[in-house]
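Heads up, the thing below is written out as structure tokens.
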Amino acid sequence: MPDKPGSYQYYDKDGAIIYVGKAKSLKKRVSSYFHKEVDRYKTKVLVSKIHDITYTVVNTEEDALLLENSLIKKYNPRYNVLLKDGKTYPSICITNEPFPRIFKTRTINRKYGTYYGPYSHLGSMYAVLDLIKKLLKPRTCRLPLSKESIENGKFKPCLEYHMKNCGAPCIGKQSMDDYRESIMQAREILKGNTRILIEHIYGEMMKASEEMRFEDAEELKKKYQLIEQFCAKSEVVSHTITDVDVFAMDASDDTSFINYMHVTNGTINQSFTYEYKRKIDDSDEDLLLTAIIEIRERFHSTAKEIIVPIELDWQMENTTFFVPQRGDKHHLLELSLMNCKQYRIDRLKQTDKLNPEQKYTRLMKELQEKLQLDKLPYRIELFDNSNISGSDAVAGCVVYKGMKPSKKDYRKYNIKTVIGPDDYASMQEVVRRRYTDSDEMPDLIICDGGIGQMHCVQEVVAGELGLNIPIAGLAKNDKHRTQELLYLKPNVSRETLCNNPSFSSLDYDCVTVQLKPESELFRVLTQMQDEVHRFAITFHRDKRSKHALHSELDDIKGIGPKAKDALLKTFKSVKKLRETANSEDGKREIISVLGNSKGNIIIEYFKEEKGL
């Protein structure tokens, strides 16, 4: 292959184009696919399907970019990056009629008119349309207006004319030249050239004033003020930035989002984010270059300067790439990146809303990747202890299936073998009881604690019971806020550890898993931690309450809760009841409340107590 710029095409065994690429040097680029160091899975799959190669040599690097873009559109190759089009977003159309109309549409037909957009933010689109309507008053009817039909008087003015929302070109009240001048001004507004337009209107206003055409000057003043108000609401960066394209990228393995902003006269007049699906392991540079060529073509951009987030080792005629480090242009790049990230969040929320199960599956896969688990953590069990200085010690176990709480599987445990406040021993007792002869084992155990809790659980799970269950922990900081996710990573295979009865913590490395506090997985894990804490502490509080409400009557054999309640309701206290049981009248009263059998049990109890 020649050492020249161009485009190359890969064919499969059926003769279909499966990939189109670009290169500054065809020889170096194509040969790189067949080197041994290409170890990425997706690229290997592509190379395995290549049965033929063709190429086209061009003069410049820009021609290579343009040719690649043209061939991708023509053949739609299987392994090229896929643009998820934004056709659902509306655009503004100016028709090709003798008296053009201006309206929003979601259908693009270039033969019908000129389109501006698409607009991802509907509020900004309606703001532009509202300005054009108030300022230039274009017609809204669908009459087939022509110079001849107007001269022949075929039409009548509609209500819009009488409401002063239209100049009535249909009856000749507004000339064709004047109407087309208004449309020209509308095009400038849609392009973002408001500064040129406002200077033009200001000049006309001053001229009318000097010529003492005060009514015309007043109308021009109203237009001038309308544009000023519109500009005041726009994102103004710097009046020194006249015509610039801005591209930012939020990239991941499979899906990348690229935001495009066009800045004219210091004002952002267009912002749109595209979603790209990667089919092979294209570099960020390749993906960004592909997007720049395609998006600039869609928006008919001729900006001489393109602001980008990374260095691009390509050249385009009459155009320069610039990576700003500070100042207004850096602010523009940050703003574009913010739009990328927000678009990703919005798309994720929309997908999760339409398919909640997909959201939970995605979270399980993310957790599996973070902890390097052998299988998807469908069933997750979390443990937490609760006691006050060792008294009323209890523990709780909550179960999550598919990242959702399974409350029927929750379990409460009274600590039986541990005396005093020993969290580690209590945790080991609960885990031992939980997984001895258990029918269903979890895919992951999460402790509400740090390294110590994890090791004591692992001693029982792997050392005593020989179970192959991954252990993780949610550690908190000094302010009792969840700080990090910990994981016990084995130095050897889990099967080897489980077959070895002599467990040692040295067989594991405690790994800190990096999670962003604002990430969805971190939020869900924190909710799990809060849930097991709530469950354990509620059980502990209920147990303490029962002790606080304990009565001497609870210790009398044969006296149940209903009998106890009846006695306390009648006699108010055990002390009063004791005094009553010592008199003949009191004994008859007790029997009247409980009956002979239970009444005599109470009387005998206090009689024996007095004898003691």
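- Of all non-hydrogen atoms in Q368 and P377, the two that sit nearest each other are CB-CD, 3.8 Å.
- You'll find the side chain of E311 stays beyond 4.5 Å of the side chain of D313, heavy atoms only.
- Side-chain atoms of Y400 and V532, non-hydrogen and from C-beta on, never get closer than 4.5 Å to each other.
- Annotation: salt bridge (Lys or Arg N to Asp or Glu O under 4.0 Å) contacts of R523 (sequence neighbours excluded): E520.
- Y79 is listed as a side-chain neighbour of V45, based on a closest heavy-atom distance under 4.5 Å.
- Aromatic ring orientation, Y19 versus Y8: tilted (interplanar angle from 30° to 60°).
- Shortest non-hydrogen contact noted between G6 and A64 is O-CB, 3.7 Å.
- In this structure, D443 and L376 approach most closely via the heavy-atom pair OD2-O, 3.7 Å.
- Here L444 contributes atom CG and L382 contributes atom CG; the two are 8.0 Å apart, rounded to the nearest 0.5 Å.
- Looking only at side-chain heavy atoms (C-beta outward), L485 and F522 stay at 4.5 Å or farther from each other.
- Here I17 contributes atom CD1 and L71 contributes atom CG; the two are 6.5 Å apart, rounded to the nearest 0.5 Å.
- Heavy atoms of other residues, nucleotides or ligands lying less than 6.0 angstrom from CG of L143 number more than 12.
- Side chain of N80 to main chain of N76: no donor-acceptor pair is present (N/O by atom type, distance under 3.5 Å, no hydrogens or angles).
- Contact annotation: the side chain of I293 never approaches that of E68 to less than 4.5 Å [non-hydrogen atoms, C-beta and beyond].
- Closest heavy-atom contact between L26 and P2: CB-O, 3.5 Å.
- Here the side chain of T95 pairs a donor or acceptor atom with the backbone of R101 at under 3.5 angstrom.
- With rounding to the nearest 0.5 angstrom, the CG atom of L335 is 11.5 Å from the NE2 atom of H330.
- With hydrogens and angles ignored, the 3.5 Å screen pairs no side-chain donor or acceptor of D14 with any backbone N or O of A16.
- Considering only heavy atoms from C-beta on, T105 comes within 4.5 Å of Y115 through its side chain.
- R344 places a side-chain N or O within donor-acceptor distance of the main-chain N or O of D250, the cut-off being under 3.5 Å.
- By the 6.0 Å contact criterion, NZ on K24 is enclosed, its count of non-hydrogen atoms from other residues, nucleotides or ligands being greater than 12.
- Remark: side-chain polar atoms of S336 are not paired, donor with acceptor, to backbone N or O of L332 under 3.5 angstrom.
- Atom CG of N59 is surrounded by 12 or fewer heavy atoms from other residues, nucleotides or ligands within 6.0 Å.
- For D52, the salt bridge (Lys or Arg N to Asp or Glu O under 4.0 Å) criterion is met by no residue, not counting sequence neighbours.
- Looking only at distances, no side-chain donor or acceptor of N259 sits under 3.5 Å from a matching main-chain atom of L337.
- Aromatic rings of Y10 and Y33 (six-membered ring for Trp) have centroids within the 6.0 Å cut-off, being under it.
- Remark: E334 CD is packed, more than 12 non-hydrogen atoms of other residues, nucleotides or ligands lying under 6.0 Å away.
- From L373, atom CG reaches atom CG of L367 across 6.0 Å, with rounding to the nearest 0.5 Å.
- Using modelled atom types, one finds a donor on one side chain and an acceptor on the other under 3.5 Å when comparing T54 with Q9.
- Without hydrogens or angle criteria, T319 side chain to E317 main chain gives a donor-acceptor distance under 3.5 Å.
- Of all non-hydrogen atoms in R296 and D245, the two that sit nearest each other are NH1-OD2, 2.7 Å.
- Partner of K22 under the side chain to side chain contact (heavy atoms under 4.5 Å, CB included) criterion, chosen from L67, D63, T290, I72: T290.
- Qualifying side chain to side chain contact (heavy atoms under 4.5 Å, CB included) partners for S182, counting only residues two or more places apart in sequence or in other chains: L136, Q174.
- Rounding to the nearest 0.5 Å gives a distance of 7.0 Å between OG of S301 and CD1 of I306.
- Under the side chain to side chain contact (heavy atoms under 4.5 Å, CB included) criterion, Q529 pairs with D448, L474, K476, T482, sequence neighbours left out.
- The aromatic rings of Y260 and F247 are tilted relative to each other, their planes meeting at an angle between 30° and 60°.
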When you look at T255 and E275, which way does the side chain to side chain contact (heavy atoms under 4.5 Å, CB included) test go after all the steps? CA-CA 7 Å; T255 305; E275 180 180 354; 3.4 Å; yes
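- P405 has its side chain out of reach of V398: every pair of non-hydrogen atoms, C-beta onward, lies at least 4.5 Å apart.
- Atom CD1 of I18 and atom CG of L46 lie 5.0 Å apart (nearest 0.5 Å).
- Between the side chain of D3 and the backbone N or O of K27, no donor-acceptor pair lies under 3.5 Å.
- Ion pairing between D409 and K401 holds under the 4.0 Å rule for side-chain N and carboxylate O.
- Listed by chain and residue number, nothing satisfies the salt bridge (Lys or Arg N to Asp or Glu O under 4.0 Å) test with K365 (two or more places apart in sequence, or in another chain).
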How far apart are the C-alpha atoms of V128 and Y116, what are their side-chain angles, what is the distance that settles it, and do they pass the side chain to side chain contact (heavy atoms under 4.5 Å, CB included) test? CA-CA 11 Å; V128 173; Y116 299 86; over 6 Å; no
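- Here the side chain of S7 pairs a donor or acceptor atom with the backbone of G21 at under 3.5 angstrom.
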Begin from the C-alpha positions of Y126 and K104 and carry the test side chain to side chain contact (heavy atoms under 4.5 Å, CB included) through to its verdict. CA-CA 9 Å; Y126 284 119; K104 73 176 180 72; 3.0 Å; yes
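- Atom NZ of K28 has 12 or fewer neighbouring heavy atoms from other residues, nucleotides or ligands inside a 6.0 Å radius.
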Check against side chain to side chain contact (heavy atoms under 4.5 Å, CB included), I445 and Y435: CA-CA 11 Å; I445 296 173; Y435 299 122; 3.6 Å; yes
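- Counting only heavy atoms from C-beta outward, the side chains of T114 and R187 approach each other to under 4.5 Å.
- The ring-ring contact (aromatic ring centres under 6.0 Å, His included) analysis of residues 92-114, with sequence neighbours excluded, yields the pairs F99-Y179.
- Looking at every heavy atom in both residues, L467 comes nearest to M441 through CD1-CE, 3.9 Å.
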